[in-house]
Structure formats: C-alpha cells, structure tokens
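The chains referred to below are lettered A, B, ... by the order of the sequence lines, with proteins before strands, and numbering in each begins at 1. We use all heavy atoms of the structure for the numbers below, so side chains are in, but hydrogens, waters and symmetry mates are not.
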Amino acid sequence: MGKEITSRADDYSQWYIDLVKKADLAENSDVRGCMVIKPYGYSIWEKMQQALDKMFKETGHVNAYFPLFVPKSLFEAEEKNAEGFAKECAIVTHYRLKTDPARPGKLMVDPEAKLEEELVVRPTSEAIIWSTYKKWIQSYRDLPLLINQWANVVRWEMRTRLFLRTAEFLWQEGHTAHATSAEAITETKQMLDVYAEFAETFMAMPVIKGKKSEGERFPGAVDTYCIEAMMQDGKALQAGTSHFLGQNFADAFGVQFTNKEGKLEKVWGTSWGVSTRLIGGLIMAHSDDDGLILPPKLAPIHVVIIPIFKSEEELNRVSAKAESIAKELRGLGLSVKFDDRDNLKPGFKFAEYELKGVPVRIAIGPRDLDNGTVEVARRDTKEKKVMQMDSVVSEISQLLEDIQQNIYQKALKFRNEKITRVDSYDELKKVLDEKGGFVSAHWDGTAETETKIKEETKATIRCIPLDAELKEGKCVFSGKPSSQRVLFARAY
RNA sequence: CGGGGUGUAGCGUAGCCCGGUAUCGCGCUUGGUUUGGGACCAAGAGGUCGUCAGUUCGAAUCUGGCCACCCCGACCA
C-alpha cells in the first residue's frame with residue numbers, strides 16, 4: 001500500500017531514487033539533466049544555506065553576486081581551468097528568436113542575431129570574478145578580499161542523478177584574494193575546516209579532510225583540499241572542496257597590488273564550494289528502508305503532532321491540547337506541524353512522516369487526555385515512549401539533541417568500520433570488491449600508478465588525509481617508497 | 001557518447017508476438033461508515049497509448065527517425 005521504497009539491499013541506486021521522489025525532495029524536469037527541487041527538498045537546502053552563510057560571515061566573508069554568463073575570451077584566460085571545463089560547457093550564441101516562416105506558430109533562432117562573442121554559462125565563476133577583482137584591487141590595503149556568492153552553475157553532464165550530479169546545480173562559491181601565499185593557504189584550510197564542521201555538526205556526517213592528488217585536483221588550482229564522506233553502500237562522496245589557487249588567476253587576469261614597500265606584487269587566491277550535492281550525501285549517509293532520516297539541525301519539520309480520534313468531538317478535545325503543545329514547542333524555536341487531516345488514518349500518517357524523516361512524532365489521543373500523557377516516537381531508532389504531558393515540551397529539546405548525536409555516532413561507527421588498511425595490491429582489490437569503503441594504502445605519489453589503479457579497480461585516490469601519521473612504506477602497486485598512506489575508494 | 005532495457009490516466013501496470021481506439025490496482029472526487037501502525041463500502045471523473053512520420057479500410061499493437069528515463073561503461077562536484 002501507499003509508497004513502497006525499494007530496499008537498500010535489493011537495489012541501492014533505486015532506493016536512493018525512490019527516497020528522493022517519494023519524500024518529495026526533487027523530481028526530474030522537462031529539461032534534460034536538470035531537476036526540480038521541490039519545497040521539502042528546497043527547505044533542507046535553505047537550512048544548509050543558513051548555517052553555512054552564518055559560518056562564512058563569522059569568518060569575515062561577505063556575499064555578492066556575479067553574472068551567469070562569462071564571455072569566452074575571459075573564460076579561456078586561465079588555460080588549465082578553461083580546458084578542465086571545456087567539455088561540459090553550455091554556450092549562448094544568439095540573443096533573439098523569431099517566428100519560423102516554415103512552421104506557423106513556431107519559433108526559430110534568428111540567424112541575424114548572432115552574438116559577437118559567445119557567452120559561456122558559468123561552470124564556476126573564477127574567470128568573471130578575477131577579471132572583476134583586477135578593477136577592485138590596487139593596494140595591499142584592498143586585501144584580503146573575502147567574497148562568497150550563492151549561485152547556480154551549469155556543467156553539461158552526460159549522466160545525471162538527482163542531487164548528486166545534475167546539469168544545473170545550486171552551490172556557493174567563495175573567492176578570496178590575499179597579499180601572501182601563507183595567508184591564502186591559511187584561508188584555504190580554514191574554509192576546509194568550516195566545511196568539515198558543518199558536515200559533522202549539522203549534517204551529522206563524518207568526513208575525512210585531505211588533499212587531492214594531482215590527478216584529482218581542480219584545474220587551475222595549485223592545491224585542492226576536500227572533505228570526503230562515506231555512503232552506506234561503501235562508496236565515497238566528495239562533499240566539499242577548497243582550493244589554493246596560488247597566483248594562477250592573478251597571472252591570467254593581471255591582478256596586482258602595491259605592497260607596503262611600494263612594489264607591485266601578484267595576488268594570491270583561493271576558492272571553495274559546496275553544492276546541493278550535500279543533500280544527496282545527507283540522504284545516503286543516514287536514511288533507511290523506511291525513508292529519510294534527517295538530522296534535527298537540518299530537518300524542515302522537527303516535530304509532527306498526530307491526533308488520534310474517533311469523533312469530531314474527540315478531535316476537538318485532542319486538537320486543543322495538541323495546539324497548546326505545538327505553541328510551546330514553537331516558542332523554543334522548533335518547527336512543528338500539527339496534522340489534523342481527517343481523511344487519513346494515524347498509521348498512514350506515521351508512515352508518511354517516517355518517509356519524510358521528521359525526527360520526532362507526538363501522538364495524542366483520548367486515552368492520553370485521560371492519563372495526562374502523550375506518545376513520543378523518534379525517527380532514528382523507531383523507539384516509542386509514553387511521556388507525561390507536563391514534561392514533554394521540556395524533554396523534546398534534549399531528545400532532538402540526542403537524535404542529532406545518535407545519527408552522527410552511528411554514521412561515524414559505520415565510516416570507521418569502512419576504513420581498511422592494506423599492504424598489497426591483491427588485498428586492495430579484494431577489499432574494494434568485497435567490502436567497499438576507504439582503503440588505506442601506500443602510494444608512490446606518481447600519476448602513472450594512480451591511473452593504472454583507477455583503470456584496473458575503478459577506485460580513485462579520494463584524498464591524502466591531513467591528519468594521517470607520516471610513516472614510511474612501500475607503494476602497494478609499484479613497491480616504490482611512499483611517505484604516507486592515502487585513501488582509495490570507488491566514488492560518486 | 002558506446003552497449004542493453006523501458007515508455008499505456010497523477011503513480012504502478014495488462015494488452016503488443018497473432019492490427020479492429022484500452023485492463024487492473026493505488027491515488028483523486030462525492031456520500032456514508034471508520035480512525036492508538038499504511039481503513040472499508042457505494043457511485044463517479046480522468047487516457048491524442050512518449051513523439052513524429054510510414055504501412056493499412058483501420059495502429060497501443062507492424063516499420064523507421066527522434067525524445068525521455070533506467071542499468072552498465074567513458075567523463076565529472
């Protein structure tokens with residue numbers, strides 16, 4: 001009956017798709033590769049935005065907005081960056097339609113209205129932003145420039161998956177300019193820490209901070225740092241990136257400043273971003289076969305109250321109590337929904353809010369009114385508890401906090417169990433095939449080895465962990481010396 | 001973009017081989033009975049069978065092009 005979800009064991013990808021669609025997060029649109037983010041899904045994004053935006057502001061950043069379109073000549077100025085994205089760019093070539101003389105009532109591109117210069121729809125905004133920064137930066141007193149923008153970007157992907165990879169997606173991109181290399185590197189790492197803290201504190205999703213290998217690095221960056229998360233199917237998900245751009249974009253766009261000694265110097269840059277992909281990660285990190293499990297800190301609805309009644313008279317009595325509890329909970333800053341629809345049975349509603357991942361459910365019926373109690377159920381463990389009506393409001397905040405902690409601990413335990421140390425190539429392949437997850441192994445640091453391993457196992461180097469111990473070893477593939485272990489995994 | 005599959009009402013489907021304008025379930029509407037884990041009865045509404053063309057007296061059904069989605073590769077956040 002109702003909304004059946006494919007189980008994770010049967011078909012993990014289908015389970016994911018079922019969840020996204022049936023929990024009303026998003027759906028495919030009439031535009032190839034683009035999704036419609038539905039209100040429930042978008043409100044999760046809004047929660048993420050609010051938390052991140054606050055953290056960006058607290059670290060001194062301000063928001064601005066740059067254009068969607070990038071003139072091709074600007075786009076190609078930083079060659080590596082341009083080449084990296086060239087294969088997946090949408091391009092605007094014309095600025096006008098006209099009625100088609102051959103097909104009445106239809107429109108055609110007006111060949112007379114060709115643009116002098118094509119416009120690239122931004123796959124990322126470094127080019128347009130650095131060409132602007134050139135005008136804004138003259139002196140060391142103009143630095144650092146710490147700007148973020150919330151925007152959509154377009155990357156023409158061949159194969160798309162809701163939230164995880166779509167042709168258009170929403171994100172934020174921070175772009176900062178600094179007087180020194182050290183300051184830019186500090187900024188890069190600071191923002192990586194911000195992302196890690198957000199992932200763990202708000203999303204309840206443990207992440208590993210690391211540096212990308214040369215092969216996985218952002219085109220145009222000197223160093224790319226990332227946070228990597230582990231999904232329940234044993235595949236890794238890159239959840240955020242922070243790039244140290246060196247002077248690459250300053251070079252490309254001629255961004256210089258006069259230092260205290262009156263000499264011209266080139267500016268140092270960073271960029272960093274997270275996207276709506278995080279919503280995909282959130283789903284795959286916690287949810288189960290009954291539906292979403294949302295961390296309270298990002299849940300659009302914290303508490304749903306479901307009345308149980310036989311008659312309209314009973315509904316009225318139950319509603320009065322429910323409304324007063326809802327009001328008190330809202331007073332604590334919680335988002336509360338009272339679902340008094342009379343055409344659905346309570347059991348149906350229970351299942352529906354479980355599907356949508358609402359962390360706490362309160363049921364109130366006539367029996368509770370007599371006993372002065374309510375039934376409280378938590379989504380993460382499915383536990384039900386009868387609580388005294390007088391104390392329920394004061395207990396809910398703690399319960400939400402417990403849920404937040406519990407799902408983080410559960411995800412952490414799972415993630416840690418999915419890290420396997422290996423010392424041979426056979427073991428590496430065996431673990432990837434049989435267990436999945438991160439495989440910690442020595443690597444000789446060469447792109448050749450990385451490529452070969454990728455070709456043979458489909459696993460990539462997710463990152464060189466930042467907090468790993470530096471211990472000498474031998475590369476599992478080539479046997480050459482290695483200074484530390486790196487994490488391999490198959491990834492989204 | 002290469003290989004495979006699917007497309008019939010909001011959703012899931014039968015019919016297709018063997019041409020004669022469509023089946024069932026869920027959902028929806030109305031009325032009634034229900035309501036502590038996915039209610040039931042009755043009456044109703046809803047479909048250019050993905051799309052365009054071809055074959056035919058006649059196409060959901062046969063043929064071809066195109067589009068979308070799913071799975072597996074290549075590419076990627």
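- In this structure, A/Lys458 reaches the B/rG73 phosphate: one of its side-chain N or O atoms is under 4.0 Å from OP1 or OP2.
- Taking the centre of each ring, A/Trp45 and A/Phe163 stay at or above the 6.0 Å mark.
- Side-chain atoms of A/Asp339 come within 3.5 Å of backbone N or O of A/Arg341 as a donor-acceptor pair.
- As judged by a 4.0 angstrom heavy-atom cut-off over every strand, A/Arg361 is placed among the base-contacting residues.
- Between the C1' atom of B/rC26 and the CG atom of A/Leu344 lies a distance of 14 Å, rounded to the nearest Å.
- When heavy atoms are screened at a 4.0 angstrom cut-off, A/Thr166 is found touching base atoms of the nucleic acid.
- Contact annotation for A/Gly84: no contact, since no heavy-atom pair falls under 4.0 Å across all strands.
- One interatomic measurement links the two molecules: CD of A/Glu352 to C1' of B/rG27, which rounds to 13 Å at whole-angstrom precision.
- The shortest distance between the side-chain N/O atoms of A/Lys382 and the OP1/OP2 oxygens of B/rG37 is not below 4.0 Å.
- Counting only heavy atoms from C-beta outward, the side chains of A/Pro307 and A/Ile364 never approach each other to under 4.5 Å.
- Straight-line distance between the C1' atoms of B/rU61 and B/rU55: roughly 13 Å, to the nearest whole Å.
- Across all strands, A/Leu237 comes closer than 4.0 Å to no nucleic acid atom at all (heavy-atom distances).
- Note on A/Glu157: a base of the nucleic acid sits closer than 4.0 angstrom, heavy atoms only.
- Here A/Thr241 lies out of heavy-atom contact (under 4.0 Å) with every strand.
- Side-chain atoms of A/Tyr195 come within 3.5 Å of backbone N or O of A/Gly273 as a donor-acceptor pair.
- Remark: the separation of the P atoms in B/rA59 and B/rC52 is 14 Å, to the nearest Å.
- Residue A/Gln14 is out of contact with every strand shown, counting any heavy-atom pair closer than 4.0 Å.
- Across all strands shown, A/Pro366 has heavy atoms under 4.0 Å from base atoms, whether or not it also approaches the sugar-phosphate.
- A/Glu228 comes within 4.0 angstrom of no nucleic acid atom, judged by non-hydrogen atoms across all strands.
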